[in-house]
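Working notes, beginning with the structure itself.
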Amino acid sequence: MRDLSKVGIRNIRIAKSGLVEGFDSVEACAKKLIGIQAQYQQFGEISLFHRVSSGVTLDGLNRVYADDGLIKLWGQRTTVHLYGVDEWENLNAIYAPRRTWVRKHCEELGVDLDDVLGKIDRLARTKHYVGKDEIAALLGEQAKKLMTWGGVLIEASLTGGIYAVPERPKTRFYAHRKWISNESVESWTGNHAGAMEDFLYRYFACYGPGTLADFRHWSGLPNYVLWVLFGGLRSVWSALMWMGSNIFCQLEMWIWQGRMLFLM
């Protein structure tokens with residue numbers, strides 16, 4: 001039986017994250033870990049370096065980026081990660097429906113966010129790579145405020161419009177999704193519940209054992225989203241009801257290898 005003490009759980013999680021036996025490629029690493037956090041490009045690449053068994057070189061990474069094997073999108077906690085292109089639809093389904101701080105920020109500035117997103121979309125369709133300075137020029141006098149901490153670029157990414165081109169030491173260029181995919185945003189299913197369920201199971205498969213509080217922190221999603229999610233997962237909901245209505249006050253729920261373990 002596995003050691004489920006705090007030290008044992010820590011060791012399991014370290015091993016599953018690729019720090020003991022690495023992944024076969026940087027693409028496989030990003031897929032398994034559901035993105036590599038990379039607000040600063042170098043830190044994301046250091047994370048890959050320590051988790052890929054075949055070795056990581058700058059030339060190899062540059063080839064992956066040139067082939068669009070990994071792109072930069074905003075995802076968990078509205079932070080930038082390196083993802084495979086196929087993650088974008090799920091990120092859109094999970095995060096695009098939420099009212100982010102960006103929309104509120106634009107309202108405070110008296111700016112129509114949807115109009116801004118339309119302008120960025122039209123610009124990015126005209127050529128493969130659009131410079132950050134070009135987007136700033138498009139936004140006019142309030143560009144700096146609108147792009148603070150990513151700003152409107154976050155919404156442009158979450159809504160399926162543009163992605164950041166991986167580049168060190170920092171991002172200078174963005175590109176429209178049309179250059180890497182023939183699918184339109186309208187063709188995406190927008191299946192929020194399905195995407196959330198997939199997200200939840202993949203998280204615990206990679207980062208578990210863990211608590212729902214761990215998942216909430218990692219995903220950046222509020223409590224009410226988790227309650228709605230669990231309302232749709234009957235097997236989990238039945239287990240919670242069986243344990244009693246105050247379970248989250250009394251116990252931590254651990255999910256490990258498809259099993260729920262309730263520890264005092």
If you round to the nearest 0.5 Å, how far is [atom2] of [Y] from [atom1] of [X]?
{"X": "F199", "Y": "E87", "atom1": "CZ", "atom2": "CD", "result": "7.5 Å"}
{"X": "L19", "Y": "N11", "atom1": "CG", "atom2": "CG", "result": "11.5 Å"}
{"X": "I12", "Y": "S17", "atom1": "CD1", "atom2": "OG", "result": "12.5 Å"}
{"X": "I135", "Y": "F173", "atom1": "CD1", "atom2": "CZ", "result": "10.5 Å"}
{"X": "L91", "Y": "W74", "atom1": "CG", "atom2": "CH2", "result": "12.5 Å"}
{"X": "D121", "Y": "T159", "atom1": "CG", "atom2": "OG1", "result": "8.0 Å"}

Within the 4.5 Å heavy-atom criterion, are [X] and [Y] side-chain neighbours or not?
{"X": "Y83", "Y": "N90", "result": "no"}
{"X": "L158", "Y": "R98", "result": "no"}
{"X": "H81", "Y": "I34", "result": "no"}
{"X": "E183", "Y": "R177", "result": "yes"}
{"X": "V116", "Y": "C106", "result": "no"}
{"X": "Y40", "Y": "V80", "result": "no"}
{"X": "L138", "Y": "V130", "result": "no"}
{"X": "W101", "Y": "I154", "result": "yes"}

Of all the heavy-atom pairs spanning [X] and [Y], show the shortest one and how long it is.
{"X": "P97", "Y": "N92", "result": "CD-O, 3.4 Å"}
{"X": "A156", "Y": "L117", "result": "N-CD2, 3.6 Å"}
{"X": "S25", "Y": "A28", "result": "OG-N, 3.0 Å"}
{"X": "Q41", "Y": "P166", "result": "NE2-CB, 3.8 Å"}
{"X": "D68", "Y": "V85", "result": "O-CG2, 3.5 Å"}
{"X": "I162", "Y": "I120", "result": "CD1-CG2, 4.0 Å"}

I'd like to know if [X] and [Y] make a salt bridge, using a cut-off of under 4.0 Å between side-chain N and carboxylate O.
{"X": "K119", "Y": "D115", "answer": "yes"}
{"X": "D198", "Y": "R202", "answer": "yes"}
{"X": "D114", "Y": "R103", "answer": "yes"}

Indicate if [X] and [Y] have the same hydrophobic cluster label, given that clusters are the connected sets of ILVMFWY residues with side-chain heavy-atom separations under 4.5 angstrom.
{"X": "W149", "Y": "L109", "answer": "yes"}
{"X": "I46", "Y": "L70", "answer": "no"}
{"X": "Y129", "Y": "V64", "answer": "yes"}

Quick test of your reading: applying salt bridge (Lys or Arg N to Asp or Glu O under 4.0 Å), list the pairs with at least one residue in residues 156-174, sequence neighbours left out, ordered by first then second residue. E45-R168, E167-R172

Please tell me whether E155 and T100 have a donor and an acceptor in their side chains that are separated by less than 3.5 angstrom.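 Checked: E155/T100 side chains pair up, N/O donor to acceptor below 3.5 Å.
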
Does the side chain of Y203 come under 3.5 Å of the side chain of Q76 through a donor N or O and an acceptor N or O?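 No pair is found: no donor N or O on one side chain lies under 3.5 Å from an acceptor on the other.
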
Any donor-acceptor pair under 3.5 Å from H176 side chain to K178 backbone: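 Such a contact is found between H176 side chain and K178 backbone.
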
Backbone of T171 reached by a side-chain donor or acceptor of K132 within 3.5 Å: no

Check against side-chain contact (heavy atoms from CB on, under 4.5 Å), L82 and Y65: CA-CA 10 Å; L82 288 162; Y65 301 152; 4.1 Å; yes

With a 6.0 Å cut-off (strictly less than), is the heavy-atom count around [atom1] of [X], excluding the residue itself, greater than 12?
{"X": "E21", "atom1": "CD", "value": "no"}
{"X": "K31", "atom1": "NZ", "value": "yes"}
{"X": "H217", "atom1": "NE2", "value": "no"}
{"X": "N182", "atom1": "CG", "value": "no"}

Looking at W218, is R13 sitting on its ring face, NZ or CZ under 6.0 Å from the six-membered ring centre and within 45 degrees of the normal? no

As a quick check of understanding, evaluate ring pair (Phe, Tyr, Trp, His ring centres under 6.0 Å) for W179 and Y163, giving each step before the final call. CA-CA 10 Å; W179 302 108; Y163 64 94; over 10 Å; no

